[in-house]
Amino acid sequence: MVDPFGRAITYLRVSVTDRCDFRCTYCMAEDMTFLPKKDLLSLEELDRLTTVFIEKGVKKLRLTGGEPLVRKNIMHLVRQISRHLDSGALEELTLTTNGSQLSRFAAELADCGVKRINVSVDTLDPQKFRQITRWGSLDRVMAGIDAAQAAGIHVKLNAVALKNFNEFEISDLLRFAHGRGMDLTVIETMPMGEIDGDRTDQYLPLSLLRANLEKQFTLTDIPFKTGGPARYVEVAETGGRLGFITPMTHNFCESCNRVRLTCTGTLYMCLGQEDAADLRTPLRISEGNERVSDAIDEAIGRKPKGHDFVIDRRTRRPAVSRHMSVTGG
Ligand code: SAM
């Protein structure tokens, strides 16, 4: 699959549910309306659709959400998809999780061939963690990280950089992550979906964060890549890696290799644009995969050059109306 700008699409992110057991304030409103269960693709349909993508050249697949580990019987899907790792058709199966259910699932994930996961942790302060997630337990997430590491899964921490919340805690997160052999990636907050607060109050450009960190640490740019948009530095004092994902201040769309599938079978060709393709209808009207394969080709042919997010006081509306929990981060 090659888009009109010559970019090969080899990375599929699948949001398996829009539901989550947390309500991170920058991600969701407190009072969210979730999709009716009947609108969701079944696990069998998700397996069928991801298989079509793999047959068309996807090499890396990430499960996300919502919270992927709260989808009922999710391990059935993970087990099914893992056959493509065994056959060599798929190079990597991974997931992004809030870690709350990891204690339960880490060993089985490892058994299915999951070697790396991203765990989202924005603060190491239990009270602040509860505040930002609205009701999450940091202890549970920490137990989940322990379980994942004990199972031999490589964990990377993701933190959204938030002004007046964690901007001066990133150094603690960095020391914690590197002390446990984990990379840390910081992310700029993106204007996706209506939330209860004002995003202008939360937005922290990572150039500022980096300048701040450079007062304490020696950061050296390195060419390290994981297939995602992060640009990495090595931190001399800890010997670990720190990634910066800067959708706001630095557009990285020229190397975009991904598309995003939601749990209703909608394909988004760009995280920051509204345009999408319905794959559920072609999937359901025929037992063969030809129609869905054609629909994917048509959608890839419409992949836009990039996004242009803006957060400022004049731009009150989010750049895209859907929340991050629909397409997955
Ligand atoms: N529940 C899982 C988790 O917590 O990682 C997966 C889904 S969550 C939507 C994926 C990532 O998106 C998380 O790291 C989250 O912090 C991030 N995220 C959510 N809303 C965001 C926003 N508006 N801007 C930037 N990152 C966001």
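Whatever order the structure lists ligands and atoms in, that order sets their numbers, starting from 1.
When hydrophobic side chains of Ile, Leu, Val, Met, Phe, Trp and Tyr are connected at separations under 4.5 Å, Phe224 ends up clustered with Ile222, Tyr232. Met28 forms part of a hydrophobic cluster together with Met32, Phe34, judged by ILVMFWY side-chain heavy-atom separations under 4.5 Å.
When each of Thr185, Thr96, Thr226 is paired with Lys156, the side chain to side chain donor-acceptor pair (under 3.5 Å) condition holds for Thr185 and for no other.
Considering only residues two or more places apart in sequence or on other chains, Val326 meets the side-chain contact (heavy atoms from CB on, under 4.5 Å) condition with Thr262, Arg322.
Side-chain contact, Gln127 with Arg130: no donor N or O sits under 3.5 Å from an acceptor N or O.
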For a distance cut-off of 3.5 Å, show me each N or O of ligand 1 paired with any protein N or O, plus the separation.
residue: ligand 1; atom: 1 (N); partner: Gly66; partner atom: O; Å: 2.9
residue: ligand 1; atom: 1 (N); partner: Glu67; partner atom: OE1; Å: 3.0
residue: ligand 1; atom: 4 (O); partner: Ser120; partner atom: OG; Å: 3.4
residue: ligand 1; atom: 5 (O); partner: Thr97; partner atom: O; Å: 3.4
residue: ligand 1; atom: 5 (O); partner: Ser120; partner atom: OG; Å: 2.5
residue: ligand 1; atom: 14 (O); partner: Ser120; partner atom: OG; Å: 2.7
residue: ligand 1; atom: 16 (O); partner: Tyr26; partner atom: OH; Å: 2.8
residue: ligand 1; atom: 23 (N); partner: Tyr26; partner atom: O; Å: 3.4
residue: ligand 1; atom: 23 (N); partner: Met190; partner atom: O; Å: 2.8
residue: ligand 1; atom: 23 (N); partner: Arg199; partner atom: NH1; Å: 3.4
residue: ligand 1; atom: 24 (N); partner: Met190; partner atom: N; Å: 2.7

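Although no hydrogens or angles enter the test, the distance criterion places a donor-acceptor pair under 3.5 Å between the side chain of His178 and the main chain of Arg241.
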